[in-house]
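Written below as structure tokens is the structure these notes are about.
Since this is a predicted model, take the numbers as computed values, not measurements. What's counted below: heavy atoms across the whole structure, side chains too, no hydrogens, waters or symmetry copies.
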Amino acid sequence: MISKNNQEAAGKGMSAVELMKNRAVLAGLAGSDDTQRLMTMLQKQGGVQQAAKAAAAGDPSHLMTMVEQLMSSKEGADLVARIQQQARKAGVE
């Protein structure tokens, strides 16, 4: 079965090869030290799993609040900036 994200990407003209490349790149980013540190910071705030479930169900407000709080710290903002830079270098938009 094709996921909604894959369907949207396919609708934008992405090939299966491009989809798989992005999946591999995203998996690499997810395992990076910066991403792991970011997850640790989010988990310290508490409620990450509940916020993620609510976001998946269509209510991202709690997750967005958590990210905003994280971004208000220098360390959190620096981590997000580095992750974004890594994603751009890898060709993920």
Side-chain angles (χ1 to χ4, degrees):
M1 176 166 215
I2 299 174
S3 74
K4 183 178 177 184
N5 287 343
N6 288 351
Q7 288 173 342
E8 289 172 3
K12 293 178 184 177
M14 292 184 89
S15 71
V17 172
E18 290 171 317
L19 289 173
M20 293 307 294
K21 178 183 174 196
N22 282 345
R23 176 178 274 179
V25 169
L26 292 173
L29 287 172
S32 75
D33 290 342
D34 286 338
T35 302
Q36 295 302 311
R37 177 66 186 134
L38 187 70
M39 289 304 300
T40 298
M41 291 177 72
L42 282 169
Q43 289 169 346
K44 284 184 180 180
Q45 289 181 357
V48 173
Q49 290 180 349
Q50 293 85 351
K53 285 181 185 177
D59 179 13
S61 62
H62 186 71
L63 189 58
M64 293 304 295
T65 299
M66 293 179 77
V67 171
E68 287 171 7
Q69 289 173 348
L70 180 79
M71 294 289 292
S72 69
S73 74
K74 180 171 176 17
E75 181 182 12
D78 288 347
L79 284 168
V80 169
R82 285 196 304 269
I83 293 166
Q84 288 174 331
Q85 183 179 28
Q86 291 167 7
R88 280 192 297 274
K89 283 182 182 178
V92 177
E93 294 180 30

CA sep, side-chain torsions, deciding dist, call: Q50, H62, side-chain contact (heavy atoms from CB on, under 4.5 Å): CA-CA 9 Å; Q50 293 85 351; H62 186 71; 5.8 Å; no

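Transitive grouping of hydrophobic side chains (ILVMFWY, heavy atoms separated by less than 4.5 Å) keeps I83 and L63 in distinct clusters. Taking hydrophobic clusters as Ile, Leu, Val, Met, Phe, Trp and Tyr residues chained together by side-chain heavy-atom distances below 4.5 Å, L79 does not share a cluster with L29.
Taken from CG in L38 to CD in E75, the straight-line distance is 9.0 Å, to the nearest 0.5 Å. How far CE of M41 is from CE of M71: 10.5 Å, rounded to the nearest 0.5 Å. Note that the CZ atom of R82 and the OG atom of S32 stand 9.5 Å from one another [nearest 0.5 Å]. We find the NZ-CE distance between K44 and M39 to be 13.5 Å, quoted to the nearest 0.5 Å. Atom CG of L70 sits about 5.0 Å away from atom CG of L42, to the nearest 0.5 Å.
The backbone N or O of Q49 lies less than 3.5 Å from no partner atom in the side chain of Q43, so there is not a single donor-acceptor pair.
Nearest heavy atoms, M66 versus A51: SD-CB, 3.8 Å. Minimum interatomic distance between A30 and T35 (heavy atoms only, all atoms of both residues): O-CG2, 3.5 Å.
Side-chain contact annotation: S61 with D59, donor-acceptor N/O pair under 3.5 Å present.
Taking the charged nitrogens against the carboxylate oxygens, D78 and K74 do have a contact shorter than 4.0 Å, which makes a salt bridge.
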